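To start, the structure under review is shown below, and the notes come after it.
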2 protein chains.
Amino acid sequence: MNAAPLRRLPPTLEAVAAAAGVSRSTVSRVVNGSTRVSPDVLTAVTAAIEELQYIPNRAARSLANRQTMAIALVVPEETTRFFGDPYFASIVHGITKGLEPSDYVLTLQLTSPFSPSEKTVRYLLGGNVDGALVVSHHSGDHFLASLGKELPVVFGGRPLRPDEQTSYFVDVDNTAAAEMGTQFLIDLGRTRIATISGAADMPAGIDRAAGWKRAMDGAGLRSDLLADGDFTMAGGARAMRELLDRAPDLDAVFVASDLMATGAVSVLRERGRVIPADVAVVGFDDSPAATSGEVELTTVHQPSVEMGEAMAHMLLALLRGEDPEPVNIMPTRIVVRAST
Amino acid sequence: MNAAPLRRLPPTLEAVAAAAGVSRSTVSRVVNGSTRVSPDVLTAVTAAIEELQYIPNRAARSLANRQTMAIALVVPEETTRFFGDPYFASIVHGITKGLEPSDYVLTLQLTSPFSPSEKTVRYLLGGNVDGALVVSHHSGDHFLASLGKELPVVFGGRPLRPDEQTSYFVDVDNTAAAEMGTQFLIDLGRTRIATISGAADMPAGIDRAAGWKRAMDGAGLRSDLLADGDFTMAGGARAMRELLDRAPDLDAVFVASDLMATGAVSVLRERGRVIPADVAVVGFDDSPAATSGEVELTTVHQPSVEMGEAMAHMLLALLRGEDPEPVNIMPTRIVVRAST
DNA sequence: CTGAAAGCGCTTACAG
DNA sequence: CTGAAAGCGCTTACAG
């Protein structure tokens, strides 16, 4: 007893061919946009397709031409973190936009940040997708880079180890961008500038901390005030408390993500600091978090949506068999708001 | 000139059969867990599969048995909203969990909240998925309900129009839950209780507003203070400002989502109200937003993760050809924190 | 319990 | 420009 309703079987290529009075080969050609079809045949076939509401069977097509027309969106993050940081929203938005004009669909693979689940690996290597996009603050692990020979993969964010030359990725120059953000604070006359960094095992975390240090060193300021905020709002708050305890006299803080900055701002106000009079704050990302908190944040803007699009375009190029630049570093800039 | 590297073709059923010295039928049986296989053959085949690292070709399998082993996650929301509200994170987390033990993969379809894109419809009806899960505050539209005959669909949230009997969905009793949240405020002795509702075109928005009104009416209190917050943080802030302007004397507010409550709390503090002394706040969801803001929120807890899981289970049952209860209403409860 | 054979709905050289 | 035919890698009655 199968409760599923019986459905009329969808029309096949065969049916269209019969309706149009041509062979299946011909229908296949028009479906796939081949030029070698005479005008009248084209018209007849198009009409038949329209009339029968024909939609090609994806499985049959995949089997025949060895393409799945699917792309995996691999997210090695905790679900809550992935959904909790607006930065990801922008990236995914960009990816969706970039893939829109193509016929590829996106498949979601939420997996552990440490090592991909067996199901994910099997899925990726089982010929279920034509390529993969990896989006994560952890993506520097490039755990899939080894699969680069098996499957075209594009990462969001540089590889953790520079020797992984095989990787394709799009990123910003996090070090230079963080240096710029910190320099902005220095130019404002601040001298006791702390930083709240992302986790030390993530390239974005490492590089932004390095950029802060470079600016501080360059200005002859002490770079002793660093606390790890782990790219979460709660972590940002925690780090801010720690920094305030260590250095009640700090007059500025460069925070490696807007989300963490939101947490930091709460703590600063809780402790009676006026922003920016007492403490100036510069964030990073220019995500919606920058403008949705208690104080609108001055921040280092990175073009997240465009980065997602660029990832999609790079993968699409790879899938076309082209040879795109493997590294795309996009520009950043400072956006000044109320927190400085 | 195709730049894509040549790859060794993956092993097929045929290869495994040869290696194990049996027919393809037999290998197919063990791959699919049929019981009608003798122990020694089972051992031999299993060994061959292991040795060759055989992974069944999904397209071939789909073509033969007319199952895609894919489920669409349809999200009729703006990308930023989808990613901006932690409620969705929990639902998707639950869905992922619920699908984990199965062999189904999840396909992501971000689409317009108003009408599904043509690409989405083609995808869903083109035999690319075996079923769909629709997650959205707008899901009451049940725009896909009409496809219910073509494709098993499970919604998060009740249909907007009660006559859509065909729908499968999981939800909470939003009216009762909102009434409970409001009653909690009444029992605290508050009398001038406002509400910030979700949008009026979404079932969750409508029902929670109705529940608030029911509690107010039941207590003989005036239910004149309602403002729409559109389920966003910014909307919550806007609504709070409006309510405060209209009724500076309000002493409590029931907010239809924690995310909106976060915005409302900011405004209340900005306007010098002490929470909960001057104004008590009750949210809805018990999402991470309830505890990540300036004040930990008392809120109506709904089991979002479990709801996602329930959606997955219901769809899986449908796909098995079973006949599950079409409606699953899950329990809610009050969680008391600092805002009351 | 096991195998031979047909069939799922396409694409793709190969002829013409 | 068009068609006949083989083949993609499985599953599934049907025999035995």
Side-chain angles (χ1 to χ4, degrees), chain A residues 2 7-46 48-49 52-70 103 122 125-130, chain B residues 2 7-46 48-49 52-70 103 122 125-128 130 321:
Chain A
N2 192 310
R7 293 174 201 136
R8 193 178 332 103
L9 290 174
T12 66
L13 237 206
E14 183 90 57
V16 175
V22 298
S23 74
R24 305 187 306 170
S25 311
T26 299
V27 177
S28 178
R29 286 187 195 99
V30 352
V31 168
N32 292 296
S34 166
T35 48
R36 333 210 108 277
V37 182
S38 67
D40 42 329
V41 169
L42 179 66
T43 314
V45 174
T46 306
I49 287 175
L52 296 179
Q53 300 256 52
Y54 171 67
I55 299 175
N57 178 299
R58 180 176 288 253
R61 186 180 264 187
S62 287
L63 185 56
N65 70 7
R66 294 158 170 291
Q67 285 192 265
T68 64
M69 298 313 282
D103 282 323
R122 278 179 64 90
L125 294 183
N128 300 297
V129 294
D130 295 335
Chain B
N2 192 309
R7 294 173 198 137
R8 193 176 336 99
L9 290 174
T12 65
L13 236 206
E14 182 90 55
V16 175
V22 297
S23 74
R24 304 186 307 169
S25 311
T26 300
V27 177
S28 179
R29 287 188 194 97
V30 351
V31 167
N32 293 296
S34 164
T35 47
R36 336 211 104 276
V37 182
S38 67
D40 42 328
V41 169
L42 179 65
T43 315
V45 173
T46 307
I49 287 174
L52 296 179
Q53 300 257 53
Y54 170 68
I55 299 175
N57 179 298
R58 179 176 289 254
R61 186 180 263 188
S62 287
L63 185 56
N65 70 7
R66 295 159 169 291
Q67 286 191 263
T68 64
M69 298 313 284
D103 283 324
R122 277 179 65 89
L125 293 183
N128 299 297
D130 295 336

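The structure displayed is predicted, hence computed values, not measured ones. In the text below, chain A, chain B and the rest are named by the order of the sequence lines, each starting its count at 1.
Listed candidates were D:dG9, D:dT2, C:dT11. Nearest to the side chain of A:Ala64 is C:dT11. Here the nucleotide nearest the side chain of A:Leu63, chosen from D:dC8, C:dT11, D:dT2, is D:dC8. Closest to the side chain of B:Arg29, from the set C:dG3, D:dC10, D:dT2, is C:dG3.
If you measure from atom CG of A:Asn65 to atom P of D:dG9, you get 12 Å, rounded to the nearest angstrom. A:Glu14 has its CD atom 13 Å from the P atom of D:dA5, to the nearest Å. Separating the CG atom of B:Leu13 from the C1' atom of C:dA4 is a distance of 15 Å, rounded to the nearest angstrom. In this structure, CG of A:Leu52 is placed 14 Å from P of C:dG9, rounded to the nearest angstrom. Atom CD of A:Gln67 and atom C1' of C:dT12 are 13 Å apart (whole Å). Distance OH (A:Tyr54) to P (C:dG9): 10 Å, rounded to an integer number of Å. One atom, CG of A:Asn57, and another, P of D:dG9, lie 17 Å apart when rounded to the nearest Å.
The distance from the CZ atom of B:Arg58 to the CD atom of B:Gln67 is 11.0 Å, given to the nearest 0.5 Å.
Of the side-chain N and O atoms in A:Ser38, one or more sit less than 4.0 angstrom from OP1 or OP2 of D:dT2.
Backbone-only engagement by A:Val22 is indicated by non-hydrogen atom pairs under 4.0 Å involving sugar-phosphate atoms exclusively. B:Val31 comes within contact range of no nucleotide atom at all, as no heavy-atom separation falls under 4.0 Å. Contact annotation for B:Ser25: base contact, defined as any heavy-atom pair under 4.0 Å involving a base atom.
Checking A:Thr26, A:Val27, A:Asn32 one by one against A:Arg29, the side chain to side chain contact (heavy atoms under 4.5 Å, CB included) holds for a single residue, A:Thr26.
The two atoms that bring A:Leu42 and A:Val37 nearest to each other are N-CG1, 3.9 Å, heavy atoms only. Smallest separation of non-hydrogen atoms from A:Ser62 and A:Thr68: OG-CA, 3.4 Å. Closest heavy-atom contact between A:Tyr54 and A:Thr12: CE1-C, 3.6 Å. Taking each heavy atom of A:Pro56 and A:Arg61 in turn, the nearest pair found is CG-NH2, 3.5 Å.
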Problem - side chain to side chain contact (heavy atoms under 4.5 Å, CB included) between A:Val45 and A:Val31, worked out - result: CA-CA 9 Å; A:Val45 174; A:Val31 168; 5.8 Å; no
Problem - Paired and unpaired positions of DNA chain D as dot-bracket, Watson-Crick or G-U wobble under 3.5 Å, | denoting a partner strand - result: |||.||||||||.|||
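Along DNA chain C, the nucleotide nearest A:Ser28 and the nucleotide nearest B:Ala60 are compared for position; the residue whose nucleotide lies closer to the 5' end is B:Ala60. For B:Arg24 and B:Gly21, each mapped to the nucleotide of DNA chain C holding its nearest heavy atom, the one lying further toward the 5' end belongs to B:Gly21.
Between the side chain of B:Arg66 and the base of C:dG9, no donor-acceptor pair of N or O atoms lies under 3.5 Å. For B:Ser23 against C:dA4, no side-chain N or O and base N or O form a donor-acceptor pair under 3.5 Å. Residue side chain B:Arg58 does not reach the base of D:dG9 through any donor-acceptor N/O pair under 3.5 Å, judged by distance alone.
For B:Asp103, the CG atom counts as loosely surrounded, since its 6.0 Å shell holds 12 or fewer non-hydrogen atoms of other residues, nucleotides or ligands.
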